[in-house]
Amino acid sequence: MVGRAEYGGATRTLPEIHSQPDVWRSVAGVLPDARALGGVFDTPPDVVVFTGCGSSYYLAHSAAAVFQRIVGVQSVAIPSSEVVLFPELALRAGERTLLVVFSRSGETTEAVEAARVAQQHGATVLGIGCNPDASMVAACNVNIVLPAAREESVVMTRSFTTMLLAIQRCAGLVAGDTAFLAELASLPDRAAGLDAGSVATIRAIADDRAWESIVFLGAGPLYGVASEASMKLTEMSLTLANVYRPLEFRHGPMSLVDDRTLVVLLASEAGRAHEAAVLRDIRPYGGRALVVAADTTGFAADWCVPVDAGVGDYARAALYLPALQSLGCYRALAKGMNPDEPRHLNRFVALDWRETAPQASA
Ligand code: F1P
């Protein structure tokens with residue numbers, strides 16, 4: 001076990017980040033074939049609603065993009081609180097709906113309640129989490145549990161990417177897409193974001209006090225991953241972080257850019273030329289840029305971190321996170337904070353709804 005000194009004080013979070021490629025290898029054992037899906041896709045749903053809270057909601061965004069592309073079924077991402085408070089926006093009568101709820105702990109009140117509400121509305125519910133004994137397990141029709149991905153740290157790192165790989169594998173199994181399944185199987189060996197050169201780049205950015213706020217840009221299947229990267233900077237280092245789809249940035253948020261801004265582009269292959277143009281448009285306003293891409297050439301960026309080019313946009317999403325999770329961790333350490341103990345946060349949010357539940361109508 002590497003000592004505290006080598007990780008500059010992050011005794012739990014950094015080793016958990018670095019452990020991701022090995023933990024990803026556990027997914028195929030949990031989901032050996034389509035039978036592990038418990039029949040939830042035997043009758044194809046009309047729509048798949050992905051849901052969760054916090055990081056697990058951002059995971060739902062990437063999951064919905066992957067599922068719609070690989071399976072071809074209409075897929076959307078909705079926060080669990082919205083499923084509970086506005087079920088009519090998530091669960092339409094007469095539609096065969098599958099609700100997929102992500103929750104590392106399986107104890108987040110809104111997530112467990114969303115599963116219960118969905119069942120009450122006739123939906124089938126698939127739970128994906130890391131705790132086999134959680135309340136969520138009983139609230140779902142079928143569960144996929146990944147205990148090897150659980151962290152000791154408060155913030156989610158390997159649990160996020162491992163649950164993402166699990167739902168990606170589900171999509172490949174449902175679609176019978178052997179090429180996509182092969183791409184996923186190759187990911188642990190492609191997690192190049194952890195090589196020494198990338199870590200050195202990330203540490204240099206984290207130590208650079210010329211920037212204060214940060215903007216993440218990600219499109220398609222990368223928007224959820226970009227949202228998660230933004231949340232890591234917020235949770236671990238208390239950095240003001242925003243996230244947008246790249247081409248949305250010109251439509252207002254561009255006014256944010258000044259010489260204290262760091263823009264991080266998670267570049268896709270599909271949108272590469274347009275995304276590169278956004279970075280070029282940003283540079284005259286000051287600020288620095290990091291591009292994370294399969295091919296980092298041709299971008300107007302101060303720093304580049306490569307991710308493996310050997311798989312497509314829909315398989316590659318998880319590869320962007322080890323480097324960006326590390327940025328949040330090292331930024332916290334550079335600011336004299338402990339990323340293992342983020343301010344005001346717990347491992348999950350448990351609410352006592354006995355006091356705030358809508359009063360039963362007279
Ligand atoms: C959801 C969550 C985390 C967040 C914090 C509080 O947890 O919002 O995303 O980082 O730990 O809980 P879970 O439902 O995935 O267990």
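From a predicted model like this one, the values you see are computed outputs, not experimental measurements.
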If you measure from OG1 on T201 to CH2 on W303, what distance do you get to the nearest 0.5 Å? 9.5 Å

Using the rule that Ile, Leu, Val, Met, Phe, Trp and Tyr join whenever any side-chain heavy atoms are under 4.5 Å apart, tell me whether L14 and V23 fall into a single cluster. no

Got a salt bridge between D258 and R260, using NZ or NE/NH1/NH2 to carboxylate O under 4.0 Å? no

Stepwise side-chain contact (heavy atoms from CB on, under 4.5 Å) check, H61 with S227: CA-CA 9 Å; H61 267 287; S227 301; 5.5 Å; no

Test applied, side chain to side chain contact (heavy atoms under 4.5 Å, CB included); reference residue, V264; option that passes from V291, L217, L324: L324

Taking the inter-plane angle between the rings of F249 and Y244 on a 0 to 90° scale, is it parallel (under 30°), tilted (30 to 60°) or perpendicular (over 60°)? tilted

Does any non-hydrogen side-chain atom of R104 lie less than 4.5 Å from one of F348? no

Answer with yes or no whether the hydrophobic clustering places L37 together with V66; edges join I, L, V, M, F, W, Y residues whose side-chain heavy atoms lie under 4.5 Å apart. yes

Passes side-chain contact (heavy atoms from CB on, under 4.5 Å), L98 versus V40? Steps please. CA-CA 8 Å; L98 168 67; V40 296; 4.3 Å; yes

Under 3.5 Å: donor-acceptor pair, side chain of S26, backbone of D22: no

Going by distance alone, is a donor N or O of one side chain under 3.5 Å from an acceptor N or O of the other, for E110 and S81? no

Tell me, with the steps shown, if Q20 and T162 meet side chain to side chain donor-acceptor pair (under 3.5 Å). CA-CA 8 Å; Q20 288 179 102; T162 306; over 6 Å; no

Any side-chain hydrogen bond (donor to acceptor under 3.5 Å, both in side chains) involving residues 128-145? Give me the pairs, sequence neighbours left out, ordered by first then second residue. E107-S135, Q119-N141

Could you check if a side-chain atom of R272 sits within less than 4.5 angstrom of a side-chain atom of F299, using non-hydrogen atoms only? yes

When you compare the side chain of I144 with that of L126, does any pair of heavy atoms fall below 4.5 Å? yes

Atom CZ of R69: over 12 foreign heavy atoms under 6.0 Å: no

Are L165 and F160 side-chain neighbours, meaning at least one heavy-atom pair lies under 4.5 Å? no

Residue pair L327 / L233, side-chain heavy-atom distance below 4.5 Å: yes

Salt bridge check, D281 against R250: does any charged N sit closer than 4.0 Å to a carboxylate O? yes

Side-chain heavy atoms of L279 within contact of V263, under 4.5 Å: yes

Check this for me, if you would: do E183 and R190 make a salt bridge, where the nitrogen-to-carboxylate-oxygen distance has to be below 4.0 angstrom? no

Do F67 and F50 have ring centres separated by under 6.0 Å? yes

Common cluster, V278/L256, ILVMFWY with side-chain heavy-atom separation under 4.5 Å: yes

CZ-OG distance between R245 and S268, expressed to the nearest 0.5 angstrom: 12.5 Å

For residues T51 and S80, is any side-chain donor paired with an opposing acceptor at under 3.5 Å? yes

Looking at R169 and P32, would you say the former's side chain and the latter's main chain have a donor-acceptor pair under 3.5 Å? yes

Is it true that a side-chain atom of R116 and a backbone atom of A139 form a donor plus acceptor pair closer than 3.5 Å? no

Quick check: do L262 and D302 have side-chain heavy atoms less than 4.5 Å from each other? no

Quick check: does any side chain N or O of S75 sit under 3.5 Å from a backbone N or O of V73, one acting as donor and the other as acceptor? yes

Using a 3.5 Å distance criterion without hydrogens, assess whether the side chain of Y58 forms a donor-acceptor pair with backbone atoms of G52. no

side-chain contact (heavy atoms from CB on, under 4.5 Å) evaluation trace for R331 with K232: CA-CA 10 Å; R331 187 65 170 182; K232 292 301 90 129; over 6 Å; no

Please check if any side-chain donor atom of D189 sits under 3.5 Å from a side-chain acceptor atom of S186, or the reverse. no

Is there a path of hydrophobic side-chain contacts, each under 4.5 Å between heavy atoms, that joins F216 and L247? no

For E269, is there any backbone N or O sitting under 3.5 Å from a side-chain donor or acceptor partner on D313? yes

Qualifying residue for salt bridge (charged side-chain N to carboxylate O under 4.0 Å, His left out) with R12, from E341, E152, E151: E341

Indicate yes or no: does R92 engage E95 in a salt bridge with an N to O separation below 4.0 Å. yes

Would R158 count as a cation-pi partner of W24, with NZ or CZ less than 6.0 Å from the six-membered ring centre and within 45° of the ring normal? no

Taking C-beta and beyond as the side chain, do Q325 and E16 meet within less than 4.5 Å on heavy atoms? no

